[in-house]
Number of protein chains: 2
Amino acid sequence: MQLVRTFSRVQRVIVQTLAAQDVTLPQFDLLATLRFSDGVTQQELAERLLVTKGNVCGLIDRLEKLGWVERRPDDHDGRVNRLHLTSRGRRKVEAVLPQHDAVVLRMMQGVSPDQVHALQSVLDQVERQATSDE
Amino acid sequence: MQLVRTFSRVQRVIVQTLAAQDVTLPQFDLLATLRFSDGVTQQELAERLLVTKGNVCGLIDRLEKLGWVERRPDDHDGRVNRLHLTSRGRRKVEAVLPQHDAVVLRMMQGVSPDQVHALQSVLDQVERQATSDE
DNA sequence: TATTGTTATACTCTATAACTATA
DNA sequence: TATAGTTATAGAGTATAACAATA
């Protein structure tokens, strides 16, 4: 399956690009999610990232140690933490995103707008199907 | 970037499918490569899988312990190992491949033949570009 | 009781680099 | 010397499961 091989190749390029900025893919995934959903709980985040709450806990530990993320207790529910980017964390993700996008764009060079459009609808379809598999 | 999110999603589904058959993605990658290139050296394999020879060494250690792969010394060069699937290994990969393909096909459900064709040319392009980035 | 988050354990994968044996 | 493979180390990520605190 060419599809899978190309996916792996693309991902490897992305991982390398992130590594050059000292971020892992799961970390970037988390930061990028927080950027749009500031204040989510760890449980919500685990569901969104498709990992267990135990793993999210470890991820956040590392990101908190890096000073990019912070836990704040929920006002109404003593069990819940709400997650927020620190200003350093926001600066970090804002710095990484353009480079990330640039790499993806570079890999999409030579793909015509029509093809991009077609790809988009294919991806929508695949996304729906992949999500329903879980 | 929708592209990246969908890629991750697809890969996660694939990893889960492989896990249900007690194979990791790197292991499957290696087995599938050996299936078509029986007798490659560890160095060649490392280049093909884009990991270091040290990592390939560990991967093979685990696969040898599972009885799926074996190292055989090269006849002419005392430094070289050539890698072969055992019969159990071949049975394993032949058992996993159809399920793997089925999952990919299922995710591609609802994508028209025209779109698949378009996707193919996009992937070719992306593949070329991604490879040149390294 | 159920849920949120934490902790412990074990394993795979990866990067890096020093090491050996052979060429 | 250069190359093929091995070994050591350290770290991230993941799965699983037991645990504490709160609801």
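Every chain is numbered from 1 and lettered A, B, ... according to where its sequence line falls, protein lines coming before strand lines.
Nearest nucleotide to the side chain of B/V80, out of D/dG5, C/dA21, C/dC13: D/dG5. The side chain of B/R12 lies closest to D/dT14 when the candidates are D/dA12, D/dT14, C/dC13. Considering only side-chain atoms of B/Q42, the nucleotide from D/dG5, C/dC13, C/dG5 that sits closest is D/dG5. Residue A/C57 places its side chain closer to C/dT7 than to any other of C/dT7, D/dG5, D/dA2. Of the candidate nucleotides D/dA12, C/dC13, D/dA2, D/dA12 has the atom nearest to the side chain of A/Q27. Among the nucleotides D/dT14, C/dA2, C/dT14, the one closest to any side-chain atom of A/R79 is C/dA2. When the nucleotides D/dG5, C/dA15, C/dG5 are ranked by their closest atom to the side chain of B/N55, C/dA15 comes out on top. You'll find that the side chain of B/K53 is closest to D/dA4, out of D/dT14, D/dA4, C/dT14.
Although no hydrogens or angles enter the test, the distance criterion places a donor-acceptor pair under 3.5 Å between the side chain of B/T86 and the main chain of B/G67. Listed for the A/Q16 side chain is no donor-acceptor partner under 3.5 Å among the backbone atoms of A/V13. Not one N or O on the side chain of B/E64 forms a donor-acceptor pair closer than 3.5 Å with the backbone of B/D61.
Contact check, A/R62 against D/dG13: a side-chain N or O comes under 4.0 Å of OP1 or OP2. Between A/Q16 and C/dA15 there is no side-chain polar atom (N or O) within less than 4.0 angstrom of OP1 or OP2.
Residues from residues 64-71 of chain B that place a heavy atom under 4.0 Å from any atom of DNA chain C: there are none.
Computed from coordinates, the A/L30 CG to D/dG13 C1' distance equals 13 Å when rounded to whole Å. As a whole-Å value, the separation of A/L18 CG from C/dT14 P is 16 Å. A/E44 has its CD atom 9 Å from the P atom of C/dT4, to the nearest Å. The separation between A/R82 atom CZ and C/dG5 atom P is 9 Å, rounded to whole Å. B/E47 has its CD atom 11 Å from the P atom of D/dT3, to the nearest Å. Rounded to whole Å, atom C1' of C/dT3 lies 13 Å from atom CG of A/D74. Taking atom CG of B/D77 as the reference point, atom P of C/dA23 lies 6 Å away to the nearest angstrom. Straight-line distance from the CG atom of A/D22 to the P atom of C/dT16: 11 Å, rounded to whole Å.
Using a cut-off of 4.0 Å between Lys/Arg side-chain N and Asp/Glu carboxylate O, A/E47 and A/K53 are scored as not salt-bridged. Ion pairing of A/R72 with A/E70 is present here, as a side-chain N (NZ or NE/NH1/NH2) and a carboxylate O approach within less than 4.0 Å.
In this structure the side chain of A/S37 reaches within 4.5 angstrom of the side chain of A/R48, judged on heavy atoms.
Each of A/T52 and A/G78 was matched to the nucleotide of DNA chain D holding its nearest heavy atom; the match closer to the 5' end belongs to A/T52.
Paired with A/W68 under the rule side chain to side chain contact (heavy atoms under 4.5 Å, CB included), one option of A/R88, A/R91, A/R90 passes, and it is A/R88.
Counting any heavy atom pair closer than 4.0 Å across all strands shown, B/N81 reaches sugar-phosphate atoms only and no base atom. At the heavy-atom level, A/G54 lies under 4.0 Å from base atoms of the strands shown. Among the heavy atoms of the strands, none lies under 4.0 Å from A/D61.
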Could you go step by step and tell me if A/R82 and A/D77 meet the side-chain contact (heavy atoms from CB on, under 4.5 Å) rule?
CA-CA 10 Å; A/R82 300 207 164 266; A/D77 189 333; over 6 Å; no

